[in-house]
Undergrad: 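One structure is given below, represented as structure tokens, and several questions about it will come after.
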Amino acid sequence: VARSGTTRFLQALKEGGETTSGDISQIGQFGVGFYSSFLVADRVQVASKHPDSPDQYIWTSTNGSSDFQVFKDPRGNTLTRGTEITLFLKEDCVEYADQNRLERLAKHYSEFVMHPIYLQTVSTVTVDVDDEEDDQSDDKTADDDLEVSDDEEPEVKPKKTKEVTTLEWEHLNKSPAIWTRPKEDISDEEYKAFYKVIAHDEYSEPERWIHFQAEGNINFKSILYLPQDVPQKWKTGLADTDKTGLSLYVQKVLISDEFDLLPRYLSFMRGVVDSDDLPLNVNRETLQESKIIQVIKKKVVRKALELLKTFVKEATDEAESASESEDDADTPLPKTNKYNDWFTQFAPSLKMGAIEDEPNRAKIMKLLRFKSTKAKDKTTWTSLDQYVENMKDWQKEIFFVAGLDQETVEKSQFLEQFLAKDVEVLYFTDPIDEYMAQNVGSFE
């Protein structure tokens, strides 16, 4: 299709002793953007000048043409150095010259690119006009009217204004790609601010996050976030229209902001994955089938469940510390388990995971919580590990009773014989609970 000369260029680098990765980091990137320019342009013109050359040259070619022209730029040396690319847009692609459209595209796909992207913006502002003649006229009138009575007030004329058009260069990609930095150098405030960017919600907060770098056959960097609350669209019954998945980047360039790197039951999580091992010039469908993507998916899911496991442990430790020092007024520790409070919002998703994700089922089952007959109060939840620990010596099964809500199941006549024997019974009040029990079958 096109001969870019990459092989010959790499050979020239080796012969010249320049073999570092930095020297070849742009190989394969230029062609992707350059050839795609003809998707929107009838003609492409490239003006370029080497700093050591006295002349500036132009390369130009039309869409579909088998040849191109190179000639000295008739405009003279308008560039000190560097390159200027001009796209002569097709009639049906003029929208890409719109300021707002360009701004959205740059911020969406190149928000974290290291090189700064500037857009020349046009704005119209209204300014006051200083009219010297009006000032002189006002002074003369004041002299003539010295005998005006004190009851009359001088007339106040409205200020004259005019509209002025200004041109400014706006820096579009200011957000830092914090996932590329060592996590020791990143503050909690920076992590929280970054969450608002990828969640597209200025008012949301993350509950927990994990920042890691996977190394081995496949290398990538990632940050995963647990949201503090259920996404707003979930609350209004529009969960199907909400963007799900993680943002997938290749060398800080956005490939998709809703890539299916996590299974459906973890779709509430937000985050980014950035890999240098993926090619830029492939479509989304090809990536989904890539072996590299499959490896990334497994590692990301494992880290996501690890984040939840850590959340459980830390929340349990905090709750136990608060219980031990509840009489100490100077220690304002939480009275409830933070994980249990969080779990009440995302329970259906995790229970669906126990059904669908058989390889990780054992890990997910340990994350589930239920109300039971042993609950001390309405804020107490029981894990399956706790239930097994509390089982009678003769007990071989986990008992549960299903109903519409806790109040209904507490009145169930089936509980009487279990209560009499002091056997704990779990309350299944979610519609998915019984279906999950049928599919899971056993615990440990």
Side-chain angles (χ1 to χ4, degrees), residues 195 199 204-210 222 224-235 237 239-240 242-246 260-271 297-319 336-372 375 378-388 398 400 402-403 405-406 409 426-444:
Y195 174 78
S204 61
E205 292 287 342
E207 182 63 52
R208 289 286 194 282
W209 58 82
I210 183 171
S222 177
L224 300 178
Y225 287 95
L226 282 181
Q228 199 172 71
D229 300 307
V230 172
Q232 187 61 35
K233 288 188 177 181
W234 290 31
K235 297 178 181 179
D240 293 339
D242 189 30
K243 285 187 176 182
T244 60
L246 307 179
D260 299 327
L261 289 170
L262 287 173
R264 183 175 58 169
Y265 70 90
L266 292 176
S267 61
F268 55 82
M269 298 187 73
R270 295 291 181 264
K297 281 184 177 180
K298 288 183 180 179
K299 291 186 177 181
V300 169
V301 171
R302 186 168 69 247
K303 286 293 183 179
L305 295 177
E306 181 182 313
L307 173 60
L308 286 167
K309 181 180 178 181
T310 303
F311 185 12
V312 170
K313 185 179 184 306
E314 292 178 354
T316 302
D317 291 344
E318 287 181 5
T336 60
N337 189 301
K338 285 186 177 181
Y339 175 78
N340 292 346
D341 294 341
W342 179 89
F343 176 80
T344 58
Q345 302 182 79
F346 299 94
S349 295
L350 293 180
K351 291 173 182 177
M352 181 61 69
I355 297 171
E356 297 179 343
D357 192 354
E358 187 173 354
N360 292 303
R361 179 174 293 167
K363 296 178 182 178
I364 300 172
M365 293 295 289
K366 291 179 177 292
L367 301 173
L368 303 184
R369 298 291 184 270
F370 302 92
K371 296 290 186 179
S372 80
K378 292 184 178 180
T379 63
T380 303
W381 291 76
T382 301
S383 68
L384 293 178
D385 282 326
Q386 290 172 322
Y387 184 94
V388 172
I398 296 176
F400 67 87
D405 51 45
Q406 184 173 343
V409 296
L426 300 180
Y427 296 154
F428 278 16
T429 55
D430 281 345
I432 196 175
D433 286 341
E434 286 187 276
Y435 182 60
M436 179 197 66
Q438 294 171 4
N439 283 268
V440 172
S442 64
F443 174 71
E444 294 190 341

Undergrad: Work out which heavy atom in Asn439 is nearest to a heavy atom in Tyr435; give both atom names and the distance.
TA: ND2-O, 2.7 Å
Undergrad: Tell me if a side-chain donor or acceptor on Trp381 pairs with a main-chain N or O of Ala375 at a distance below 3.5 Å.
TA: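 Side chain of Trp381 to backbone of Ala375, a donor-acceptor pair under 3.5 Å: no, none is there.
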Undergrad: Applying salt bridge (Lys or Arg N to Asp or Glu O under 4.0 Å), can you list everything that pairs with Lys313, at least two apart in sequence or on another chain?
TA: Asp317
Undergrad: Relative to each other, are the rings of Phe346 and Phe268 parallel, tilted or perpendicular (30° and 60° limits)?
TA: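 Rings of Phe346 and Phe268: tilted, as their planes differ by 30° to 60°.
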Undergrad: Nearest heavy-atom pair of Ala347 and Asp430: which atoms, and what distance?
TA: CB-OD2, 4.2 Å
Undergrad: Using the test ring-ring contact (aromatic ring centres under 6.0 Å, His included), find all partners of Tyr195 that sit at least two apart in sequence or belong to another chain.
TA: Tyr225
Undergrad: If you compare all heavy atoms of Asp341 against all heavy atoms of Thr344, which two are closest, and at what distance to 0.1 Å?
TA: O-OG1, 2.6 Å
Undergrad: So which atom in Leu262 and which in Ala304 form the shortest heavy-atom distance, rounded to 0.1 Å?
TA: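 Shortest heavy-atom separation between Leu262 and Ala304 comes out as CD2-CB, 4.3 Å.
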Undergrad: Where do Tyr427 and Gln406 come nearest, in terms of heavy atoms and distance?
TA: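 So the two residues come closest at CD1-CG, 3.8 Å.
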Undergrad: So, Arg369 side chain and Thr382 main chain: donor-acceptor pair closer than 3.5 Å or not?
TA: no
Undergrad: Do side-chain atoms of Tyr339 reach the backbone of Leu367 as a donor and acceptor pair under 3.5 angstrom?
TA: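 A pair under 3.5 Å: yes.
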Undergrad: Residues two or more places apart in sequence or in another chain: which of them pass salt bridge (Lys or Arg N to Asp or Glu O under 4.0 Å) with Glu358?
TA: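 If we apply the salt bridge (Lys or Arg N to Asp or Glu O under 4.0 Å) test to Glu358, skipping adjacent residues, there are no hits.
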Undergrad: Search all heavy atoms of Ala354 against all heavy atoms of Met365 and return the closest pair with its distance.
TA: CB-SD, 3.7 Å
Undergrad: Just to verify, what does Tyr387 make a side chain to side chain donor-acceptor pair (under 3.5 Å) with, not counting sequence neighbours?
TA: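 Residues passing side chain to side chain donor-acceptor pair (under 3.5 Å) with Tyr387: Gln395.
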Undergrad: Is there any salt bridge (Lys or Arg N to Asp or Glu O under 4.0 Å) pair reaching into residues 433-442, and which pairs are they, with sequence neighbours excluded?
TA: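 Listed once each, the pairs are Lys351-Asp433.
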Undergrad: Set out, in order, the CA-CA distance, both residues' side-chain angles and the distance that settles salt bridge (charged side-chain N to carboxylate O under 4.0 Å, His left out) for Glu306 and Lys303, then state yes or no.
TA: CA-CA 5 Å; Glu306 181 182 313; Lys303 286 293 183 179; 3.8 Å; yes
Undergrad: Who passes salt bridge (Lys or Arg N to Asp or Glu O under 4.0 Å) against Arg208, sequence neighbours left out?
TA: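 So Arg208 forms a salt bridge (Lys or Arg N to Asp or Glu O under 4.0 Å) with Glu314.
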